[in-house]
Structures are given as structure tokens and as C-alpha cells.
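Structure record follows, encoded as C-alpha cells.
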Amino acid sequence: MPGFTDFLRDRGVELGRAKDEPVVPPHPSPYVVDNSLLRSSDAGLKYRRRPDVRDVVDEVAPFGSVVLGVLAAPGWLKVGNQYLPTEVAGKTVLRRAYWLESEEQGHCEGP
């Protein structure tokens, strides 16, 4: 007879891990910095120190470039030690580049 743990797992609930189990960080994926919906006159997206629109740094991810990152918070991609918004003014500006995931990812840009 299945137990409560099986019940939770069947419904996609992630259960805690053992104390000695190592934490494996999520694998970064390539994202295209896309201006097709936003149609901004800026050169690209400004990086942030943390997932906060006001915490801008001087560095920019140019539109049309590919960055390598991990979705870290709702609406934010972590690229290295900095963050990019996935949407600006309600428009998607980062699109996952699935077609690049099987290629060598060392060529992707980032801070």
C-alpha cells in the first residue's frame, strides 16, 4: 500500500533531501536577449546586482546576444553573479534558446 510520501511524489511535490546529500546547482541554459517585442532604442538590457529593477549596474547584455543563466526568482535570470529581467514593460526580453542547448555553451556571453 502506497504511503503519504508516495502520494506527494505522485503529485510533483519535491521532498527534502538528506543532510549529507550535496546541493547541485541548476544547469545554466542559453537565453537570447530579444528586443522584438519591446522595440527599445537602448543597446540592450542592463544587468542588476540583485533581482531588483532599481539596482542597475553599468554592464549591458546587448540585444541579439546570447547569455548563459539560471532562472533564479520569478521574472529574473541569474547570469554569473548578476541578474537580468525576463520582461520589461510587460514584454518578454529573454527567450530560452533551446536550439543552442546541445552545442558547446562556452561561447555564450555574460558578465
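Numbers here are sequence positions counted from 1. Because only heavy atoms are used, hydrogens play no part in the values below, and waters and symmetry mates are left out as well, while side chains stay in.
- Lys91 is not listed as a side-chain neighbour of Asn35, based on a closest heavy-atom distance of 4.5 Å or more.
- When all heavy atoms of Leu77 and Leu71 are compared, the closest pair comes out as CD1-N, 3.7 Å.
- The two residues Pro30 and Leu68 have their closest heavy-atom pair at N-CD1, 3.7 Å.
- When all heavy atoms of Leu38 and Ala89 are compared, the closest pair comes out as CD1-CB, 4.3 Å.
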Evaluation steps, side-chain contact (heavy atoms from CB on, under 4.5 Å), between Arg95 and Thr86: CA-CA 8 Å; Arg95 298 200 182 275; Thr86 60; over 6 Å; no
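- When side chains are defined from C-beta on, Tyr31 does not count as touching Leu100, because their heavy atoms never get closer than 4.5 Å.
- Applying the under-4.5 Å side-chain rule to Ile, Leu, Val, Met, Phe, Trp and Tyr, the cluster around Tyr83 extends to Val53, Trp76.
- Across all non-hydrogen atoms, the minimal contact from Ala61 to Val67 is CB-CG1, 4.1 Å.
- Within the 4.5 Å cutoff, the side chain of Asn81 has no heavy atoms near those of the Tyr47 side chain.
- Within the structure, salt bridge (Lys or Arg N to Asp or Glu O under 4.0 Å) pairs that include any residue of residues 42-51 comprise Arg49-Asp55, Arg50-Asp52, Arg50-Asp55 (at least two apart or interchain).
- Other residues sharing the hydrophobic cluster of Val60, ordered by chain and number and joined by side-chain separations under 4.5 Å: none, the residue standing alone.
- Partners of Arg39 by side chain to side chain donor-acceptor pair (under 3.5 Å), not counting sequence neighbours: none found.
- Side-chain atoms of Phe63 and Leu45, non-hydrogen and from C-beta on, do get closer than 4.5 Å to each other.
- Ser36 is linked by a side chain to side chain donor-acceptor pair (under 3.5 Å) to Asp34, counting only residues two or more places apart in sequence or in another chain.
- Nearest heavy-atom pair, Leu94 versus Pro85, reported as atom, atom and distance to 0.1 Å: CD1-O, 3.4 Å.
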